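Notes follow once the structure below has been shown.
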Amino acid sequence: MNAAEPATGGTGAEIDAVCVGETMAVLHGRGPLAAGARLTVGTGGAESNTAVALARLGHTAAWVSRVGDDPFGRIVTEAVAQGGVDVRGVVVDPARPTGLYVKDTGPCGAGALYYRAGSAASALSPADADRVWSRRARLIHLSGITAALSAPAAALVEHLLDRRAGEGVLRSFDVNHRPALWPPGTAAPALLDLARRADVVFVGRDEAERLWGTPEAEDVRAVLPEVPVLVVKDAGHGATCFDASGEVFVAPPRVDVVEEVGAGDAFAAGFLSGLLDGLPAERGLRLGHAVAAEVLRSAGDTLESVPPDAAEIRRG
């Protein structure tokens, strides 16, 4: 499809977007854990971050996932709901826990510590697809993180990207390779296959090079020529969109970065917002940068407020 064409989805679409994937409870504090840092509880999940940002931008969005029957599951679900996202598609699993992610910061810290093996979301499977299709959304947003959680979760992603199912629904896929979940050698062919099935693909230039040996945006396009809308992000340098109209590059604004986590999810939401509204690719990229910048300026992972220049970008 052309990025300038609004995403209409199937006949009788009820909401704009459904985002599918795991959201974890996040424990974080100031300084390393070994020094006795006091921890606070937050949430973190790529797909729900995108859903919240889409809702903040004025779209109707839902999140489909699984959480444990525990305090962390309730915290996660409530946090996403408070972001304006429909969470009726979230199943509470009585047997498996909510995934947990601990930020051990500081020069002596261990970085990110994940406790998600056997989590409720790892039990996502094609059996959960009906909760996605029943929302009759214009767009479904997925990521490679879900495919790395388990074989059944990967099968769900494959099913949702199958164009024989949910006719008329746009499929968006953020490659989002996480080396902690699966090494590049294992992830590379699987993620390439999934990306080739999608209508809209987001991938970082650096992760594409790590996975597929593609050092430039044009090289990424060469391995994904059939994807209707391909967006290659190059950190602080900018982003390139390839679609039926050709190729367009947009540099990001200058930002004093507070925290990088969540910026990629916000960028995806901004671009998808433009796609849903029928904006040309150049304005979609600008909106993606503006939303990402808003997240980069804050300590949180999710978009808290609409960027002040969003309305101007939409008007062109």
Side-chain angles (χ1 to χ4, degrees), residues 19-53 63-83 85 87 90-93 95-124 141-150 153-154 157 174-183 187 204 207 257-266 268-269 292 295-296 298-304:
C19 301
V20 185
E22 180 172 41
T23 294
M24 297 175 290
V26 180
L27 300 181
H28 56 91
R30 292 176 177 269
L33 296 177
R38 292 186 178 182
L39 300 176
T40 57
V41 183
T43 63
E47 298 84 3
S48 62
N49 285 346
T50 300
V52 169
W63 173 53
V64 170
S65 189
R66 288 177 172 266
V67 299
D69 186 11
D70 50 41
F72 289 137
R74 290 185 281 277
I75 289 169
V76 162
T77 305
E78 179 61 22
V80 178
Q82 287 183 350
V85 175
V87 297
V90 178
V91 167
V92 177
D93 189 324
R96 299 176 180 85
T98 304
L100 182 64
Y101 161 36
V102 182
K103 292 182 179 181
D104 189 8
T105 59
C108 299
L113 303 172
Y114 292 97
Y115 302 91
R116 69 197 309 177
S119 70
S122 71
L124 284 165
H141 181 68
L142 305 153
S143 89
I145 297 172
T146 305
L149 296 179
S150 67
V157 176
D174 192 334
V175 172
N176 240 331
H177 175 233
R178 294 291 189 267
L181 291 175
W182 49 352
E207 67 178 337
V257 178
V258 174
E259 170 65 70
E260 294 182 353
V261 177
D265 311 324
V295 172
L296 287 168
S298 71
D301 296 358
T302 58
L303 182 69
E304 295 297 331

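Note that the structure is predicted; figures quoted are calculated from it, not measured. Residues take their numbers from the sequence shown, with the count starting at 1.
- Note that CG of N176 is 9.0 Å distant from OG1 of T146, once rounded to the nearest 0.5 Å.
- Contact record, V295 with A266: CG2-CB, 3.6 Å, taken as the closest heavy-atom pair.
- You'll find the side chain of V76 stays beyond 4.5 Å of the side chain of E78, heavy atoms only.
- Summarising the geometry of A147 relative to A154, their closest heavy-atom pair is O-CB, 3.4 Å, with the distance given to 0.1 Å.
- Considering CG of D265 and OG1 of T50, their distance stands at 4.5 Å, rounded to 0.5 Å.
- Applying the salt bridge (Lys or Arg N to Asp or Glu O under 4.0 Å) test to pairs two or more places apart or on separate chains, those with a residue in residues 113-124 are E22-R116.
- The structure places CD1 of I145 at 7.0 Å from CG of L181, a figure rounded to the nearest 0.5 Å.
- R74 has a carboxylate O that lies under 4.0 Å from a charged side-chain N of D69, or vice versa, which qualifies the two as a salt bridge.
- L33 CG to L39 CG: the interatomic distance, rounded to the nearest 0.5 Å, is 5.5 Å.
- In plain terms, the two heavy atoms of A153 and L149 that are nearest each other are CB-CB, 4.2 Å.
- Residues V67 and V92 meet the side-chain proximity criterion, which asks for heavy atoms closer than 4.5 Å.
- Looking at heavy atoms from C-beta onward, V91 lies in side-chain contact with R66 at the 4.5 angstrom threshold.
- Between H177 and W182, the angle of the ring planes lies from 30° to 60°, which puts this pair in the tilted group.
- Put simply, OG1 on T40 and CG on L27 are 8.0 Å apart, with the number rounded to the nearest 0.5 Å.
- With S65 contributing its side chain and G21 its backbone, the two residues share a donor-acceptor pair below 3.5 Å.
- Taken to the nearest 0.5 Å, the CG atom of L100 stands 10.5 Å off from the OG atom of S119.
- Considering every non-hydrogen atom in both T302 and V52, the closest pair reads CB-CG1, 4.4 Å.
- Listed here is the closest heavy atom pair of W63 and V85: N-CG1, 3.5 Å.
- In plain terms, the two heavy atoms of A25 and T98 that are nearest each other are N-CG2, 4.3 Å.
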